[in-house]
Protein chains: 2
Amino acid sequence: MTAPLHEAHPAGSGRALPDTQQGMRRRNLARVMHTVSAEGPLSRAAVASRIGLTRAAVSTLVDELIRSGLLEELGPERPGRVGRPGSALAVSGRGPAGIGAEIGVDHLAVCAVDLRGEIRARAVRHCVNRGRSPEPVLAELTALVRQVVAEADAEGLWPAGLAVAVPGLVARDGRTVVRAPNLDWHDTDLGTLLPAELPPTVDNEANFGGLAELWLGDTTPRDFLHVSAEIGIGAAVVVDGGLLRGTRGFAGELGHVPVRPDGPECACGGRGCLEQYAGEEAVLRAAGLEPGADRVGLLATRAADGDEAVRGALHDAGTALGIALTGAVNLLDPQLVVLGGALSGLAPWLLPALEAELARRTAGPACPVSVSRLGPEGPLLGAAHSVVRAVLDDPAAVAERAGEIVAGRAGDIAAEQA
Amino acid sequence: MTAPLHEAHPAGSGRALPDTQQGMRRRNLARVMHTVSAEGPLSRAAVASRIGLTRAAVSTLVDELIRSGLLEELGPERPGRVGRPGSALAVSGRGPAGIGAEIGVDHLAVCAVDLRGEIRARAVRHCVNRGRSPEPVLAELTALVRQVVAEADAEGLWPAGLAVAVPGLVARDGRTVVRAPNLDWHDTDLGTLLPAELPPTVDNEANFGGLAELWLGDTTPRDFLHVSAEIGIGAAVVVDGGLLRGTRGFAGELGHVPVRPDGPECACGGRGCLEQYAGEEAVLRAAGLEPGADRVGLLATRAADGDEAVRGALHDAGTALGIALTGAVNLLDPQLVVLGGALSGLAPWLLPALEAELARRTAGPACPVSVSRLGPEGPLLGAAHSVVRAVLDDPAAVAERAGEIVAGRAGDIAAEQA
DNA sequence: CTATTTCGTCATGGCGGTTTACAAATTAGT
DNA sequence: ACTAATTTGTAAACCGCCATGACGAAATAG
């Protein structure tokens, strides 16, 4: 008890899951999956030493996971070390897959990721969704999902879940889009509009982008702020390796943090919100450009060409971002701020002013700022991976369903039994 | 796996504690303690149904806790219900106690709280600590602690830990005061200066205030922002019933959130920080009052008397708070904002402007703002209770020590055995 | 070619919660 | 009053899960 005083209390005073042997088993199955997934092919002995169980215990856990098709035995390792070589275990490349989808203002995208994290199928369709009503968009998305699922099936994968990234605020129920200004959707339950055969989850694209950064980024601290901008400006707040969602699920609305309290009016009712300075519309206006297609790319090329108006606009946007982020950093004390989404492409011209502002307003050493390697791919990957993580987090739950699925393929079963 | 997708992952990919049967036992002991603590006297059967274990299992858990002196059997209940009445269990009023301490600018305070949450001993000393070096202050505090421990001992309590609330930034090690502007302390390891016989923990007073609100406040949401101001302005960020501490432990530095980016310079290097508008010094200056003793009380009485200068100053401070909180609310989406510490006394004159600002800048319904019932008592109570919570969180750890302690009292043991 | 090291597995055991059964203590109904 | 029904707490048998210790297997070191 000396060390972690007053943390999020583990037991919980209210109603919580009973801590029984079955739960223990499930958690240990999850620990094996996570360890193998994170640290590549590993022998049973190596897993055992990593998670603190005995080899014997790990053996039984691994047996169960192999029987469920979640783990694979690659065969004996060949290390130059003394002693009998272990048998390498790897996460299965067949079996459950995570289906990620993204609804953008001007495109739909779907991909399938296997447990190893590899993208095994994908489909993109460009279409103008702005202002279109949800039904046709979701119908189109559903068709794309079915197509990707079919592709994945051909490779021996079955969908373990569907996660959809949306450019807007999503309620904590993981289904309802409360407000998506760029699509002009309000209080829409996407759950009913998505393929019924898959358990769907909907979340903000900034959140999925942040999760992608957490799981796939090159530097992966467990506490950071992932800022992403498409038309609005959102942020994913990652605390201790988990997403901070807020009571209603609206956490991370960086775009409406006041930057200059008497600044221009904002659609949210406030004045001088960050979005008025660093939002896409505002930057385009300041740069003297018309709205249109691929405006971010245009900004980047103009800035690279030395267009002073564009550079000035991006400088000012960086300053505003720096001011807003100073507040966020003071409040959250993150290890890192990551610029993702459209911002990553404009980072070279945003960063100087942003970092200067942050440094100027910070007493000690300023919070480091980095640029996401994932760029605009983040949300889609994060969505797909969130399903994969859910499988790793509770392999036992999936194993049951895997059993049904595999049972369906009588031939395979018969072959295995022979 | 349907429900909680991508939460803070339970298993952890890295090295984590092995999930063994002993751990299970410890967690279940904790669950019993929490349940009894939270829901008053309860029979074994009632506890069993609450935590989802069987009556038999709970019986053995309770036996162990009673043997350790953490739980007490009050005797048969007398409900008008059919069936054999249960035997009421309650948290013990003897045994381990939490010692809380507070280092203020002009006072020291210590109290002892038993497992039931009752204050059983306390001591306060008024003294000017501003600018005094840590050694004599801590020596004086140690004397107070010893006095309170002696008082508690006379009531059959032994100290399970010491938690110290400090007006400043504390590192995540829970010992080092990194910066306490109002005391003029820097990078001071209080651990070495506190009584060695007790495991000490040091934390920010805003954090302890927030925890007090979480555990003792009348409305107790699990996600809220607790704002407290003494001379600086700090906030405790409570997320899902736990404190958000940040990488370095500096989270919640609301005082240096930029409110007007071109405002007056601040000691932090920035400009227009909240502290420049709502900090004690700034408010006093705006109200035309000199710094002195109990300035907050003076502000309150003047405001109550209708002093326009004071009212105007508080109004402006409320506006600034509203602007800064708009940012925080957008970022965190808390269920509630609580004004604590010195702010609670000035709330009547701060709230109107604060709430107006918050409402104006929020699109939907604004985040509700409430005033802490605990007021300036918060940090001290939070500190003491944090020790109590640590005991509830891992009763097994304490039970061992309790054994030693009780073993020291040969007389009691002999009496019990007879 | 033997000694050593490491891996995976098996048999045994301890520990923890569950199941089942039962006695105790109370209320409801006749 | 007296019986039936209900609920509580405990004890005994049981099952599941991991630890322990021993063993054969498969590599390296000398």
Side-chain angles (χ1 to χ4, degrees), chain A residues 11 16-32 35-36 41-67 71-90 395-396 399, chain B residues 11 16-32 35-36 41-67 71-90 395-396 399:
Chain A
L17 298 171
D19 211 335
T20 163
Q21 293 187 131
Q22 293 171 42
M24 189 169 91
R25 181 81 177 169
R26 287 171 82 129
R27 284 189 298 275
N28 281 333
L29 286 168
R31 297 251 303 283
V32 171
T35 306
V36 175
L42 239 43
S43 69
R44 290 168 174 77
V47 172
S49 76
R50 296 227 201 303
I51 66 178
L53 296 181
T54 59
R55 299 199 306 270
V58 170
S59 266
T60 70
L61 292 165
V62 166
D63 280 355
E64 190 171 334
L65 292 169
I66 288 180
R67 270 200 309 278
L71 238 41
E72 260 173 22
E73 192 129 29
L74 297 184
E77 299 177 315
R78 277 220 142 276
R81 296 171 44 251
V82 63
R84 169 179 169 179
S87 178
L89 300 168
Chain B
L17 297 173
D19 211 332
T20 165
Q21 297 187 128
Q22 294 172 41
M24 187 170 94
R25 181 78 177 174
R26 286 171 82 129
R27 286 189 297 274
N28 281 334
L29 286 167
R31 298 252 300 285
V32 171
T35 307
V36 174
L42 239 42
S43 69
R44 288 169 177 75
V47 172
S49 76
R50 298 243 193 314
I51 67 178
L53 297 180
T54 59
R55 298 200 307 274
V58 169
S59 266
T60 71
L61 290 165
V62 165
D63 280 355
E64 191 171 333
L65 291 168
I66 290 181
R67 271 200 309 279
L71 239 42
E72 261 174 21
E73 192 129 29
L74 296 182
E77 299 176 316
R78 276 220 140 279
R81 298 170 43 250
V82 62
R84 168 180 167 178
S87 177
L89 300 167

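Every chain is numbered from 1 and lettered A, B, ... according to where its sequence line falls, protein lines coming before strand lines.
- Put simply, A:Asn28 has no side-chain N or O that comes within less than 4.0 Å of OP1 or OP2 on D:dC17.
- Of the inter-residue distances, the one linking B:Leu53 atom CG with A:Asp19 atom CG reads 8.0 Å to the nearest 0.5 angstrom.
- With a 4.5 Å cut-off on side-chain heavy atoms, A:Ile66 and A:Val62 count as touching.
- Atom pair B:Leu61:CG and D:dT10:C1' shows a separation of 14 Å (rounding to whole Å applied).
- Residues A:Thr60 and A:Arg25 meet the side-chain proximity criterion, which asks for heavy atoms closer than 4.5 Å.
- Once rounded to the nearest 0.5 Å, the distance linking CD of A:Glu64 with CG of A:Leu71 reads 11.5 Å.
- One interatomic measurement links the two molecules: CZ of A:Arg27 to C1' of D:dC17, which rounds to 12 Å at whole-angstrom precision.
- At the phosphate of C:dG17, neither OP1 nor OP2 sits under 4.0 Å from any side-chain N or O atom of B:Thr54.
- Here the nucleotide nearest the side chain of A:Arg25, chosen from D:dG9, D:dC17, C:dC7, is D:dC17.
- Between B:Ser43 and B:Arg84, the side chains place no donor N or O within less than 3.5 Å of an acceptor N or O (distance only, hydrogens not considered).
- In this structure, CZ on B:Arg26 lies 9.0 Å from CG on B:Leu29, to the nearest 0.5 angstrom.
- Contact annotation: side chain of B:Gln21 to base of D:dG16, donor-acceptor pair present below 3.5 Å.
- Here C:dC15 presents its P atom at 18 Å from CG of B:Asp19, a figure rounded to the nearest Å.
- Distance from the side chain of B:Arg44 is smallest for D:dT10 among the nucleotides D:dT10, D:dC18, C:dG17.
- Residues A:Gly86 and B:Ala56 each lie close to DNA chain C; by heavy-atom proximity, the contact nearer the 5' end of the strand is made by A:Gly86.
- Regarding A:Glu73, its CD atom lies at a distance of 14 Å from the P atom of C:dC7, rounded to whole Å.
- Annotation: the span from A:Glu72 atom CD to A:Leu89 atom CG amounts to 10.0 Å, rounded to 0.5 Å.
- Side-chain N/O atoms of A:Ser59 include none lying less than 4.0 angstrom from OP1 or OP2 on C:dG8.
- Between A:Leu53 atom CG and D:dC17 atom P there is a gap of 13 Å when expressed in whole angstrom units.
- Here the P atom of nucleotide D:dG9 and the CG atom of B:Leu89 are 7 Å apart, to the nearest Å.
- Here D:dA22 is the nucleotide among D:dG9, C:dT19, D:dA22 with the atom lying nearest to any side-chain atom of A:Arg55.
- Along DNA chain C, the nucleotide nearest A:Thr20 and the nucleotide nearest A:Ser43 are compared for position; the residue whose nucleotide lies closer to the 5' end is A:Ser43.
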Polar pairs (N or O, both sides) under 3.5 Å between protein and nucleotides 25-30 of chain D?
from: D:dA26; atom 1: N3; to: A:Arg84; atom 2: N; distance (Å): 3.3

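- Of the candidate nucleotides C:dG8, D:dT8, D:dC17, D:dC17 has the atom lying nearest to any side-chain atom of A:Met24.
- Rounded to whole Å, the distance from CD1 on A:Ile66 to C1' on C:dT9 is 14 Å.
- When each of D:dG9, C:dT19, D:dC18 is scored by its nearest atom to the side-chain atoms of B:Ser87, the top-ranked nucleotide is D:dG9.
- Following rounding to the nearest Å, B:Gln22 (CD) and D:dC17 (P) show an atom-to-atom distance of 18 Å.
- The distance from the CD1 atom of A:Ile51 to the CG atom of A:Leu42 is 10.0 Å, given to the nearest 0.5 Å.
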